[in-house]
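Notes follow the structure.
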Amino acid sequence: MQRSITLKLVALAAVILVTPLRAQSEDAQDPLFAPLGVPQIDDFIDAIRSNVRLNTPPQHVTQAVDGDIAGIWAGSKSKVESLFGDLTLRFRPKTEALLSSGSPGEPAGSKFLDWFDLKVSVQEGRMFIEHSAVAGRRDAARLVTRFDREKDPTRLAFIPGQKGSGVYIAVPIAKSPATNWGIFVCPREASGLEKGGSGTGFELSPSSYELSEASFSAQASADGTMATSGPKGRIKVVMNVSKGLPQPKVPVDEAVSILPNARVLYVPDTAFDFYRVAPFSDVQQGIVSMIEMQNRAGYIRRQFFSHQRLIHKSDEPTPVKLVVNRRQLTNDRGECYIVIEQSYSWMEYDKQPASFQ
């Protein structure tokens, strides 16, 4: 009987992990969608540990060129806009937790929730984080905090959840809230919170849940017009969308004329759905638009506009001191997730024979 339950759980876990999710692993090979590096992770950890403003270093920088080359595109215009919807982080029981919970006479997995969500909304310097399965009526299911006030400390909170689905969250203050923000999310099982008396410590142990999937919607457009001063020029707009998001129906537009213009509007080819996080340590999803302009002499300027949400799984010791109900955390073990949204642009230059007259 026990062996039958175990086999069913293994099959169930395989279906959960494979069937409804978009492929992700290939994105790690694309330099436009690179995982968080050491500078980005260090900046985030410093922000929440030292209460300094989050200012995630860009992964790409503008290529340095002579001023005469940069001036070739004077008068040209580029306009790129993107907007991401609410971020949903979905946690599911780990396979090993499900396997260890089955016992004769008990439904397999009844000890755990099938899943629970953290919904993250950002609006004009305010962040709203909502737990879908908070433990009790008196527990706050929603954390609301500002992350745009320079002198405010890192916001910390623990949200108790049903069936061991608690999480603690750290929100650093952002230097540029409209283009760069982050959260630190740690699923945990708590012990000691129920004890009376102020100052009594509590401990957090590794959770039976892991971040399994995530989802968000997106809108985007990229438009460019090249000033040529008479001769023909070429402009090309390419919208690169990570493989975890729906691909654009028309990703490329190109034009050649004395005043060339090209535009791409992000029209998804399918509905937005969850993309896979587990079992990867790094997942990056978003849009990188490229506007390329070439003059008749062959000089090329490529402008890149990146807007992404990046997730990094961390097993390092927690850098925060958590206090809940006047009780300070005395011990913490387990994995956490760094979640960062970032948008920035950079330019690269080239020279190739022009294919137009």
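Both backbone and side-chain heavy atoms feed into the values below; hydrogens, waters and symmetry mates do not. The shown structure was predicted, so the numbers you read here are calculated from the model rather than taken from an experiment.
- Using a 4.5 Å heavy-atom threshold, the side chains of Ser215 and Phe272 count as separate.
- By the ring-ring contact (aromatic ring centres under 6.0 Å, His included) test, Trp346 pairs with His60, Phe304, Tyr344, sequence neighbours left out.
- Both the sub-6.0 Å distance and the 45° axial angle are satisfied by Lys351 relative to the ring of Tyr299.
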Inset, instruction - Could you check Lys236 against Val252 for side chain to side chain contact (heavy atoms under 4.5 Å, CB included), going step by step and ending with a plain yes or no? - result: CA-CA 7 Å; Lys236 182 179 182 181; Val252 181; 3.9 Å; yes

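- The nearest pair of heavy atoms linking Ala170 to Ile48 is CB-CG2, 4.5 Å.
- Looking at heavy atoms from C-beta onward, His131 lies in side-chain contact with Leu118 at the 4.5 angstrom threshold.
- In terms of the side chain to side chain contact (heavy atoms under 4.5 Å, CB included) criterion, residue partners of Lys232 (sequence neighbours excluded) are, by chain and number, Val256, Ile258, Phe356.
- One hydrophobic cluster, built from ILVMFWY side chains closer than 4.5 Å, holds both Ile159 and Leu113.
- If you take CZ on Arg309 and CD on Gln285, they are separated by 11.5 Å, rounding to the nearest 0.5 Å.
- In terms of modelled atom types and a separation under 3.5 Å, the side chain of Gln247 and the main chain of Val241 share a donor-acceptor contact.
- Residues that satisfy the side-chain hydrogen bond (donor to acceptor under 3.5 Å, both in side chains) test with Ser208, not counting sequence neighbours, are Glu189.
- Partners of Asp253 under the side-chain hydrogen bond (donor to acceptor under 3.5 Å, both in side chains) rule, at least two apart in sequence or in another chain, do not exist in this structure.
- Atom CD1 of residue Ile45 and atom CZ of residue Phe184 lie 5.0 Å apart, to the nearest 0.5 angstrom.
- The shortest side-chain heavy-atom distance between Leu204 and Phe158 falls under the 4.5 Å cut-off.
- A donor-acceptor contact shorter than 3.5 Å is absent between the side chain of Ser289 and the backbone of Phe305.
- Members clustered with Val144: Phe128, by chain and number, using a 4.5 Å side-chain heavy-atom cutoff among hydrophobic residues.
- Minimum interatomic distance between Arg126 and Arg146 (heavy atoms only, all atoms of both residues): NH2-NH1, 2.9 Å.
- No more than 12 heavy atoms of other residues, nucleotides or ligands sit less than 6.0 Å from atom CD of Glu316.
- One N or O on the side chain of Ser100 and one on the backbone of Ala97 form a donor-acceptor pair closer than 3.5 Å.
- Taking His307 as the reference, Phe84 meet the ring-ring contact (aromatic ring centres under 6.0 Å, His included) condition, with sequence neighbours excluded.
- Checking side-chain atoms of Gln59 against main-chain N and O of Pro35 turns up a donor-acceptor pair under 3.5 Å.
- Tyr209 and Trp115 fall into different hydrophobic clusters, where Ile, Leu, Val, Met, Phe, Trp and Tyr are joined by side-chain heavy atoms under 4.5 Å apart, directly or via other members.
- In this structure, the side chain of Lys94 engages the main chain of Ser207 through a donor-acceptor pair within 3.5 Å.
- Note that CD1 of Ile300 is 9.0 Å distant from CG of Asn295, once rounded to the nearest 0.5 Å.
- At least one donor-acceptor pair closer than 3.5 Å links the side chain of Gln162 to the backbone N or O of Val134.
- A 6.0 Å sphere centred on NZ of Lys119 holds no more than 12 heavy atoms belonging to other residues, nucleotides or ligands.
- Using a 4.5 Å heavy-atom threshold, the side chains of Ile235 and Ile291 count as touching.
- Considering only heavy atoms from C-beta on, Asn240 stays 4.5 Å or farther from Asp30 through its side chain.
- The two residues Ala47 and Thr154 make their nearest non-hydrogen contact at O-OG1, 3.4 Å.
- For the pair Ile338 and Ile41, the tightest heavy-atom approach, listed with the atom from each and the gap, is CD1-CG2, 4.0 Å.
- Partners of Phe91 by ring-ring contact (aromatic ring centres under 6.0 Å, His included), not counting sequence neighbours, listed by chain and number: Phe116.
- Judged purely by distance below 3.5 Å, without hydrogens or angles, the side chains of Tyr168 and Thr318 pair a donor atom with an acceptor atom.
- Using modelled atom types, one side-chain atom of Ser257 and one backbone atom of Leu259 make a donor-acceptor pair closer than 3.5 Å.
- Between the CG atom in Leu245 and the OH atom in Tyr266 there is a gap of 5.5 Å [rounded to 0.5 Å].
- Residues satisfying the side-chain hydrogen bond (donor to acceptor under 3.5 Å, both in side chains) test with Gln294, not counting sequence neighbours, are Arg234.
- Ser306 is linked by a side-chain hydrogen bond (donor to acceptor under 3.5 Å, both in side chains) to Gln308, counting only residues two or more places apart in sequence or in another chain.
- When hydrophobic clusters are built by joining Ile, Leu, Val, Met, Phe, Trp and Tyr residues whose side-chain heavy atoms come closer than 4.5 Å, directly or via intermediates, Val250 is not grouped with Val237.
- Between Phe216 and Val120, every side-chain heavy-atom pair lies at or beyond the 4.5 Å cut-off.
- In this structure a side-chain-to-backbone donor-acceptor pair under 3.5 Å is missing from Glu213 to Phe274.
- At a threshold of 4.5 Å between non-hydrogen side-chain atoms, the residues Ser205 and Arg333 count as touching.
- Side-chain atoms of Gln342 and Thr56 form no donor-acceptor pair, as typed in the model, at a separation below 3.5 Å.
- The heavy-atom pair separating Ala34 from Leu310 by the smallest distance is O-CD2, 3.5 Å.
- Membership of the apolar cluster around Leu265 extends to Val267, as traced through chained side-chain contacts below 4.5 Å between ILVMFWY residues.
- Pairs engaging residues 150-190 under the disulfide (SG to SG under 2.5 Å) rule: Cys186-Cys336 [sequence neighbours left out].
- Linking ILVMFWY residues whenever their side-chain heavy atoms come closer than 4.5 Å, directly or via other members, leaves Val52 and Phe44 in distinct clusters.
- The structure places CZ of Arg149 at 11.0 Å from CZ of Arg155, a figure rounded to the nearest 0.5 Å.
- Looking at residues two or more places apart in sequence or on another chain, you find a side chain to side chain contact (heavy atoms under 4.5 Å, CB included) between Lys175 and Arg53, Asn55.
- For the atom pair Thr62 OG1 and Arg301 CZ, the distance stands at 10.0 Å (nearest 0.5 Å).
- Considering all non-hydrogen atoms of both residues, Gly286 and Phe33 come closest at O-CE2, 3.4 Å.
- For the pair Arg90 and Asp117, the salt-bridge criterion is met [side-chain N within less than 4.0 Å of a carboxylate O].
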Legend entry - Stepwise side chain to side chain contact (heavy atoms under 4.5 Å, CB included) check, Phe280 with Ile311: CA-CA 10 Å; Phe280 306 109; Ile311 299 173; over 6 Å; no

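- At least one donor-acceptor pair closer than 3.5 Å links the side chain of Asn261 to the backbone N or O of Gly224.
- Judged by distance alone, with hydrogens and angles left aside, the side-chain atoms of Ser76 form a donor-acceptor pair with the main-chain N or O of Ala227 at under 3.5 Å.
- Counting heavy atoms from C-beta outward, Pro177 and Met127 have side chains that stay 4.5 Å or more apart.
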